[in-house]
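These notes concern the structure reproduced below.
Scope of the values below: all heavy atoms of this structure, side chains included, with no hydrogens, waters or symmetry mates. In this text, all values refer to a predicted model and were calculated from it rather than measured experimentally.
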Amino acid sequence: NTAVQIDYPLRYSLLAVADFIGGTNEVKSEYSLSIIDIMNDVVGKNLSLKAEKKNIDLSSQDVKIAKSSYLPDAKASVDGIYIDPKVAEISGGQNPEFSTSGNVVLNQLIYSESASANIDIQNELNKAQKETYNSAELDALLNASVSYFNALILKTNASIQNQNLPVSYTHLTL
């Protein structure tokens, strides 16, 4: 009661070991959390989960790279030559004044056992990465839930001990 009246901030480490005597034994808090708030914060603000999410994105990119081996490969080149008109005239038609040439090459992979296997492997690795993320997310939620319920248990135990104090005092006086 004195701490509340003089507006003395009570640290959580002090609350864990202190025995409150008399008064309402209610510690007022400006900020309270429900289990849903905690779970949302764990999923939204956990850096380890964000790193796992990035690993999923990288794995998805590996799948796209593996599938790109079946995309067509096109190459084009153009050459142009200009020769001095006097030199072209002296050559007797062997070297024209203007000469251009072009080349277009298109390659398409129809079937490759190694490319198909690579796509399958990358898809399975992507699925495994997603399951790793799900596992990490569930572990983080479990740890947060256990901590939340441990705090509730400690709060209830402290309340029970504080309620037992007047009863014990009455028994001792009798």
Checking D37 against S34: is there a side-chain donor and acceptor pair closer than 3.5 Å? yes

For residues Y70 and S116, is any side-chain donor paired with an opposing acceptor at under 3.5 Å? yes

Please say yes or no: joined through hydrophobic side-chain contacts below 4.5 Å, possibly via intermediate residues, are [X] and [Y] part of one cluster?
X    : Y    : answer
L106 : V104 : no
I35  : V42  : yes
L71  : I119 : no
L47  : L49  : no
V63  : L58  : no

If we only count heavy atoms from C-beta on, is the [X] to [Y] side-chain gap below 4.5 Å?
X    : Y    : value
I81  : D79  : no
I38  : D41  : no
K130 : K127 : no
N134 : E131 : yes
Q129 : L125 : no
V43  : L141 : yes
N126 : I56  : yes

Once rounded to the nearest 0.5 Å, what's the spacing between atom [atom1] of [X] and atom [atom2] of [Y]?
X    : Y    : atom1 : atom2 : result
L174 : Y169 : CG    : OH    : 11.0 Å
S168 : Q161 : OG    : CD    : 10.0 Å
N118 : Q122 : CG    : CD    : 5.0 Å
S48  : E137 : OG    : CD    : 12.5 Å
L152 : N157 : CG    : CG    : 11.0 Å
L154 : S159 : CG    : OG    : 12.5 Å

Which pair of non-hydrogen atoms, one from S69 and one from A66, has the smallest distance, and what is that distance? OG-O, 2.9 Å

Smallest heavy-atom separation, I65 atom then S68 atom, equals O-OG, 2.5 Å

Polar side-chain atom of S135 near backbone of T132 as donor-acceptor pair, under 3.5 Å: no

Just by distance, do the side chain of S59 and the backbone of N55 share a donor-acceptor pair under 3.5 Å? no

List the steps and the verdict of side chain to side chain contact (heavy atoms under 4.5 Å, CB included) for H171 and V167. CA-CA 6 Å; H171 286 233; V167 173; 3.5 Å; yes

Is the OH atom of Y82 crowded by more than 12 outside heavy atoms at less than 6.0 Å? yes

Return yes when atom CD of E113 has more than 12 non-hydrogen atoms of other residues, nucleotides or ligands closer than 6.0 Å, and no otherwise. no

